[in-house]
Amino acid sequence: MISEYDLHSHSTASDGALSPAELVRQAAACGVKNLALTDHDTTAGLAEARATAEENGITLISGIELSVTWQQRCIHILGLNIDPDYAPLQEGIEGLRRMRIARAVEMGARLQKKGIENAYQGALQLAGEGMITRTHFARFLVDHGYADSFQNAFDRFLGAGKPGFVATRWTDLEEAIGWINGAGGTAVVAHPLRYKLSGAWLRRLLDAFKQGGGVGIEIVCGSSSSNDIRCAADAARRFDLLGSVGSDYHSPEKPWTQLGRLPPLPNSITPIWSVWPRHGH
Ligand code: AMP
Ligand code: MN
Ligand code: MN
Ligand code: MN
């Protein structure tokens, strides 16, 4: 069985390879019936995605993936079924855009000290109008022969503690959840097992997330093993969280995150979409 939902994906509005329209067409062709576009810290791709979804007979759920700083860690919080026009959310996004540009300039300066010229300009060009991310730097480093793969670019230059890494204070957890709830959406902890938290720290995170008004956790991710799904489902039951399903699709080059391949949620889990009244489930 394959889930008809994919509630985590990226387009060229952030670090995805496909335009919003291409992404939606690809998802439709792969059998996805309900797709959330969740670009990093931006809603700029949603209008195009929505128009294309209508043409292709699939449901587009407006989303965003916010970078959050919690206890010195970077955590990703999905806002699903949001009203992208909610002013405090858009003001927050504007602040994040400025932070991302300042961070990218600093990354370029640090990489230059390692003898890598023009990394900021190169990454900016790859990002185009979209939100600039480390993925664009990785692409630049691979294209110019400084790294032989994305993984290698992160391992050598872009990962935490590496020469091109700039520690960043993102949005606070409570503030991000506040923007999402204010926009009428539901907040979901993205890929909970990817932060390499101990059991105790994961419980602390989920406690703080619930206290702040968060309601969901991603249980089925593009890279989940059946053991990962069991582990995330246990956490959902323990914290009484709703479950989400999302591939985190970025590009055809990342074969472990494909559209239209996700297993369904375990039966014991209440789906996040059950609380979306307009969604008709
Ligand atoms: P940023 O939000 O600018 O820090 O960029 C983070 C993005 O980089 C993530 O959303 C991933 O898409 C990508 N990324 C992080 N780590 C890796 C990795 N080891 N290999 C490939 N892509 C990565
Ligand atoms: Mn990404
Ligand atoms: Mn993420
Ligand atoms: Mn993502």
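Numbering of ligands and ligand atoms starts at 1, following listing order. All of these numbers come straight from a predicted model, not from anything done at the bench.
Using a cut-off of 4.0 Å between Lys/Arg side-chain N and Asp/Glu carboxylate O, D6 and K33 are scored as not salt-bridged. Using a 4.0 Å cut-off between charged nitrogen and carboxylate oxygen, R238 and D234 do not count as a salt-bridge pair. Ion pairing between a basic and an acidic side chain is recognised when a charged N comes within 4.0 Å of a carboxylate O; R97 and D41 show no such pairing. Ion pairing between a basic and an acidic side chain is recognised when a charged N comes within 4.0 Å of a carboxylate O; R194 and E218 show no such pairing.
Side chains of N81 and T186: a donor-acceptor N/O pair is absent below 3.5 angstrom, by distance only. Side-chain contact check for E65 and H10: at least one donor-acceptor pair (N or O, by modelled atom type) lies under 3.5 Å. Between R100 and T133, the side chains place no donor N or O within less than 3.5 Å of an acceptor N or O (distance only, hydrogens not considered).
Note on the Mn ion (ligand 4): protein N/O/S atoms under 2.8 Å are H8 NE2, H10 NE2, E65 OE1, D248 OD1.
Every protein residue with a heavy atom nearer than 4.0 Å to ligand 1 is included here: D15, H40, R100, R103, T133, R134, T135, Q151, F154, H250, K254.
Between W179 and Y86, the ring centre distance reaches or exceeds 6.0 Å.
In this structure, I219 and I229 have side chains that are in contact, with non-hydrogen atoms separated by less than 4.5 Å.
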